[in-house]
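Input: a single structure, listed below in structure tokens.
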Amino acid sequence: MKFFIDTANLDHIKTAQDLGILDGVTTNPSLMAKEGITGNDAVKAHYKAICDIVDGDVSAEVISTTYDEMIAEAHVLAALDPKIVVKVPITVDGLKVIKTLASEGIRTNCTLIFSPGQALLAAKAGATYVSPFLGRLDDICQDGLNLIEEIREIFDNYDFTTEILAASIRSPLHITYCAKLGADVVTSPLDSILRLLKHPLTDNGLAQFIKDSSNLK
């Protein structure tokens, strides 16, 4: 399973990259705003800065909602760097955009997926990735992990090459279960990735090793 980090924070991206496990980055207008990145030129420059750090795909989201505007914006984003994957919402116009971009060889990440039917349509249109939002489903008492399982079954039934990019990750358990269910990618905040490293027995064992090794000097 590939690990993406879901952030626009360059320090967090560098930290994840230095861990040696980072395969890409996803971000969105909300995450950009959280870092104080506003205005078209600043946003484009920030995407370029992210691409300079990572080796893998970087999802850059369109903010327009109509077909013509999304296509124009997608072309600008895709031209920034070969690593850019254009992030498009699952709407009627969004689906048309994904189809057009796929025919042009531009990779896409279909976002805001909340049902297997939406994922199926995005895959049919030629999306490179679909992004089911686990945490937001959990927030309204629906099973986000079940969505991953259902999409995996559908994609395997028909050999779709579209990758399942599990998003809206709330905890390390989400990451582990997504791996068990066969998600191709998980995108997560840095905190959840780092918490995968933690276990009290590891901490206790290391402390004991350090204590015992001091007696050998």
*Qualifying residues under side chain to side chain contact (heavy atoms under 4.5 Å, CB included), relative to D191, sequence neighbours excluded*: R195
_salt bridge (Lys or Arg N to Asp or Glu O under 4.0 Å) against K48, all qualifying residues, sequence neighbours excluded_ = D81
*Write out all pairs satisfying salt bridge (charged side-chain N to carboxylate O under 4.0 Å, His left out) with one or both partners inside residues 177-189, taking only residues at least two apart or from two chains.*
R152-D184
Under 3.5 Å, which donor-acceptor pairs do the side chains of residues 197-207 form with other protein atoms, sequence neighbours left out?
{"from": "H199", "atom 1": "ND1", "to": "L201", "atom 2": "N", "distance (Å)": "3.1"}
{"from": "N204", "atom 1": "ND2", "to": "P200", "atom 2": "O", "distance (Å)": "3.3"}

*With sequence neighbours excluded, tell me which residues meet side chain to side chain contact (heavy atoms under 4.5 Å, CB included) with F3.*
M1, I21, D23, I175, V186, I193, L196
*Residues two or more places apart in sequence or in another chain: which of them pass ring pair (Phe, Tyr, Trp, His ring centres under 6.0 Å) with Y177?*
none
*Non-neighbouring partners of D6 that pass salt bridge (Lys or Arg N to Asp or Glu O under 4.0 Å), sequence neighbours left out*: none
_Taking salt bridge (charged side-chain N to carboxylate O under 4.0 Å, His left out) as the cut-off, I'd like each qualifying pair that reaches into residues 85-97, sequence neighbours left out, listed once._
E61-K87
*Which residue pairs satisfy the side-chain hydrogen bond (donor to acceptor under 3.5 Å, both in side chains) criterion with at least one member in residues 159-174, sequence neighbours excluded?*
K2-E163, D138-H174, D139-R170, S168-R170
*asked:* Suppose the criterion is ring pair (Phe, Tyr, Trp, His ring centres under 6.0 Å): which pairs have a residue in residues 42-93, not counting sequence neighbours?
replied: none
*asked:* Using a 4.5 Å cut-off between side-chain heavy atoms of Ile, Leu, Val, Met, Phe, Trp and Tyr, which other residues end up in the same hydrophobic cluster as L165?
replied: F4, V85, Y129, V185
*Just jot down the side chain to side chain contact (heavy atoms under 4.5 Å, CB included) partners of S64, sequence neighbours excluded, or say none.*
E69, M70, E73
